[in-house]
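Below: one structure, written as structure tokens.
Note on naming: letters A, B, ... go to the chains in the order of the sequence lines (proteins, then strands), and numbering restarts at 1 for each one.
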Amino acid sequence: MIEAVGLTKFYGDIPAIQNVTFSVDKGEVVGFLGPNGAGKSTTIKILTCFMPPTSGTAKIDGLDCFEDSLKVRQKIGYLPETVPLYTEMTVKRFLQFCAKAKGINAKSTKKEIERVISECGLENVSGRIIGHLSKGYRQRVGLAQALIGSPPVIILDEPTIGLDPAQIVEMRSLIKSLAGQHTVFLSSHILPEVAQTCNRVVIINKGEVVATDTPEGLTRQLQKTKRIRLLLNNPVKSQEIESAIGTIPGVKLITPDNQEGRSWIIETDASLEPRPEIAERIVNKKWGILEMKSIDLSLEEVFMQLVTDEETEIPEPEESAA
Amino acid sequence: MKGFWAVYKKELYSFWSSPIFYVIAFVFFILSGYFFYSSLAYYSMVSFQASQNPFLAQQLNLTSMVIRPFFLDLSVVLLLLSPLLTMKLFAEERKSGTIELLLTYPISDAATVWAKFCGVLTIFCLLMLGTLPSMMLLEYLSKPNWSVIAACYGGLILMGAAFLSLGLFTSSLTQNQIIAATLSFGALLGFWIISWMKSIAQNYTARKVFEYLSITQHLDPFTKGLLDTRHIIYYILFIAFFIFLTRRRIDSYRWYG
């Protein structure tokens, strides 16, 4: 549905993005992840026909964003990062303008406006002037204008920025509900958000795509060793556990998780599967196994590994609000 | 011209909802009322004197003593006020970022530019409509020549459209409305006083060129009730040129972000 091939954009001599290539299938929710200044907004501006790329092509539904600009724009709902709105209008009037500008026929306009108003939870403020609304409501109005007319592709530039935790949760569930019917492409520098809402992630850093995969896939790809956390009922000594399971092929390192000797972290080779063997031996020793759980690298760690390049300014990963 | 009506309606709405429009209308009507009163009062004073002097009475005529001065005075007021009407057209959209919406909606750039131009021109025509009662008063008092009045309005609207097209262009140059208004005011004044150059110019061709360029020079024949295609074409070319420049400027937003 979205196809970017070799997108490059220069601002003067400075390259904002270089050779960005990715594609998004129909009905997918794809996250576009990168630190501030990585080129997310530039890529999005090219996809939404706001600006042409210096080189490369962007296609939406098989139509070139530069050649068939007007047709492409008909297929896109776009929420820019700054959520620009005509603040002197009421919510309803603004949506009427959007519907008209997007060429929705007069008959279905009213229905369409009612639909997006209820979808975005704007019933209470539909008659109010946008300039008087809070940030959260403005964000919703912005989303409503993107959704109006049910465009097949929805592009959101940092949709949850500046919202309070409860609103973030709402916004995420709203985005998730769009999957299937719409193809959603959203940019963010907040990891939990992407991990929770997206089927796939495109990570961009310094204007170049550094990875494309599912959140799980990325984690797997970068995980050379697997880690297992073991919780026992009876405390055991380091030597005891080492002699019991250290000999199992695939076990690489056993480290105590705390001083009591009940909780242990075992690092294992990702290609082998020593877990059944470990469990069996511990049961035989009658140490009382309470828990055995594999610990995955979080997407955050993956992200850090991918983008940690000296000078890059890495944003403070925000706490998940959920 | 997809999306023309949507943007046109939005423009009108943004004028209705902005205090700038009401302030401009207020000032314009006060000044135009004053100009009308002063030329009419002067005319009636001269008429009294003429009642004792039949020769002078023959010279008097409503068109050249009331209608013509009134419309020439209005042209000066409009020169001052029209930059204030146009300053926000693009500058505000860029400042608030809403230009990003306009340029990513399925609206052609031509439609955006023309809709904005037609929107502000409609507002301008409304201001003109507000001076019509003065002309009605003339009808009540005397027998004015309505064809001359129509020519005056036609000329004034053409000239106003030229002012607005220039203002539209300067508004697209900057994000700051005051800069936009200053630039367009300066340029309009320049186009007005360029006719002064004709008295200094050394050769005939230069004199003619300066005279031709002057934006107010072309209004003069209209106020005499003269419809000359040369002057109509001047204004149309002027408008087309600045609309063209504005469209190029919008293209440059796209290239430079």
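- In the displayed structure, A:Lys100 atom NZ is contacted under 6.0 Å by more than 12 heavy atoms of other residues, nucleotides or ligands.
- Interface residue B:Glu93: only side-chain heavy atoms are found under 4.5 Å from chain A.
- For B:Trp5, the CH2 atom is loosely surrounded, since the number of other residues' heavy atoms within 6.0 Å does not exceed 12.
- Residues B:Leu103 and A:Phe50 share a closest heavy-atom pair of CD1-CE1, 3.6 Å.
- Contact of B:Tyr105 with chain A is made through backbone and side chain together, with heavy-atom distances under 4.5 Å.
- In terms of heavy atoms, A:Tyr86 sits closest to B:Leu102 at OH-CG, 3.5 Å.
- Between A:Met89 and B:Lys10, the closest side-chain pair of non-hydrogen atoms falls below 4.5 Å.
- Residues A:Pro84 and B:Ser96 approach most closely at CB-O, 3.7 Å, considering heavy atoms.
- Listed by sequence position, A:Leu70, A:Arg73, A:Gln74, A:Tyr78, A:Pro80 are the residues of residues 69-82 of chain A in contact with chain B, using a 4.5 angstrom heavy-atom cutoff.
- For B:Tyr22, the OH atom is densely surrounded, since the number of other residues' heavy atoms within 6.0 Å is greater than 12.
- Shortest non-hydrogen contact noted between A:Phe94 and B:Leu101 is CZ-CD1, 3.9 Å.
- In this structure, CD in A:Glu88 is found 11.0 Å from CZ in B:Phe15, a value given to the nearest 0.5 Å.
- The two residues B:Thr104 and A:Thr48 come nearest to each other via the heavy atoms CG2-O, 3.4 Å.
- To the nearest 0.5 Å, atoms CD (B:Glu100) and CD1 (A:Ile44) are separated by 10.0 Å.
- Annotation: A:Lys110, atom NZ; neighbour count of heavy atoms from other residues, nucleotides and ligands within 6.0 Å does not exceed 12.
- The backbone N or O of A:Cys49 lies less than 3.5 Å from a partner atom in the side chain of B:Arg254, making a donor-acceptor pair.
- Within the 4.5 Å cutoff, no side-chain heavy atoms of A:Gln96 are placed close to those of B:Lys9.
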